[in-house]
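Each ligand, and each atom within it, is numbered from 1 in the order the structure gives. Along the sequence shown, residues are numbered consecutively beginning with 1.
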Amino acid sequence: MIFTGPADKLPRFLTEVRMRQPLVAGNWKMNGSKSGVAELLAGVKAGAGSIARAEVAVCPPYVFLPMTAAALAGSTVRWGAQNLSTETAGAYTGEVAASMLKDFGCTYVIVGHSERRTLYGEDDAIVARKFAVARAAGLKPILCVGETLEEREQSVTEQVVARQLDAVIEREGVAALADGVIAYEPVWAIGTGRTATPEQAQEVHAFIRARIADRDAAVAAGLRILYGGSMNAGNAAELLAKPDIDGGLIGGASLKAPDFLAICQAADASL
Ligand code: PGA
């Protein structure tokens, strides 16, 4: 049950226990082959049967979506894409529309990943537009935000994350966030093996939730904020124990079923 009233009217017991279902989503990036993906999907599907409370999702490259849909049919594992077009249809060579992802049974789509922002020049306006088209098609966008190492060293983490968040809020309204998920991914922790400490991550997660609560307390209370950046089987439990960390967006460790499932187990146990 999602309580939609004002947060200060929440029954006391609800404010004392975590009420957000954790989500562990695998971001496979540009990895995989037909045989490797078939094996990984089979492993995730088999292991996910023992995940009782957390939600599990995988985001393979586009070309593997049909086989992902087929392999995961009948399981509780959801799937999504890593990117989508800002446009809805037409002459956009090489692009993939939100409606196509929906057609292939995607639940989620990642928007604003730092690799898209830095390597493909996606600015806040493009990311906000992608969030909007995903939502309009009935997909749940996973909006990635996070600072670079340089920005952290300059102590502007909060300003950067606020700017990335506000671009979506200003375009779509704060209530739109309830249709998606946020992923806090410090750029310096992605693929580097250098994870944010649970305290560092919690601090930014709490900042994000507070900033949203200033505009809408109920949206903030229900919103899932995932951590991403070198999360693995060894550090997941500690991160997920923090009150504002509601799951993970997993890159490298999502490419091996046992490693990914161990993180899902940690999320399950975090409730
Ligand atoms: P990583 O990637 O887990 O390999 O650091 C996370 C991500 O980029 O989403």
> Based purely on interatomic distance, does Lys29 place a nitrogen or oxygen under 3.5 Å from a nitrogen or oxygen of ligand 1?
yes
> Which pair of heavy atoms, one from Gly228 and one from Pro186, lies closest together, and at what distance?
O-CD, 3.4 Å
> Who's the nearest protein heavy-atom neighbour of atom 4 (O) of ligand 1, and how far?
Gly252 N, 2.8 Å
> Contact between Ala189 and ligand 1, counting heavy atoms under 4.0 Å?
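Ala189: in contact with ligand 1 (<4.0 Å).
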> Please identify which atoms of ligand 1 are closer than 4.0 Å to at least one heavy atom of Gly229.
5 (O)
> Side chains of Gln82 and His113: any donor to acceptor distance under 3.5 Å?
no
> Taking Arg215 first and then Asp166, would you say they form a salt bridge - that is, a charged N and a carboxylate O separated by under 4.0 Å?
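Yes.
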> Applying side-chain hydrogen bond (donor to acceptor under 3.5 Å, both in side chains) between Asp244 and each of His205, Gln202, Arg224, report the one that passes.
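Result: among His205, Gln202, Arg224, Gln202 is the only option passing the side-chain hydrogen bond (donor to acceptor under 3.5 Å, both in side chains) with Asp244.
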> At a non-hydrogen distance cut-off of under 4.0 Å, which region of Asn27 contacts ligand 1 (side chain, backbone, both, or neither)?
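Under 4.0 Å from ligand 1, Asn27 contributes side-chain atoms alone.
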> Regarding ligand 1, does Ser230 bring an N or O atom to under 3.5 Å of one of the ligand's N or O atoms?
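For ligand 1, there is an N or O atom that lies under 3.5 Å from one belonging to Ser230.
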> Does a salt bridge link Glu87 with Arg129, judged by any charged N lying under 4.0 Å from a carboxylate O?
yes
> Under a 3.5 Å cutoff, is there a donor and acceptor pairing between the side chains of Trp188 and Glu150?
no
> Do the side-chain N and O atoms of Thr195 and Gln200 include a donor-acceptor pair separated by under 3.5 angstrom?
no
> Any idea which atoms of ligand 1 are less than 4.0 Å away from a heavy-atom of His113?
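Close to His113: 7 (C), 8 (O), 9 (O).
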> Please could you name the atoms of ligand 1 that Ile190 approaches to less than 4.0 Å, counting only its heavy atoms?
2 (O), 5 (O), 8 (O)
> Could you work out, for atom 5 (O) of ligand 1, the closest of Gly251, Gly191, Ala253 by heavy-atom distance?
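That would be Gly191.
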> What is the nearest protein non-hydrogen atom to atom 7 (C) of ligand 1, stated with its residue, atom name and distance?
Glu185 OE2, 3.2 Å
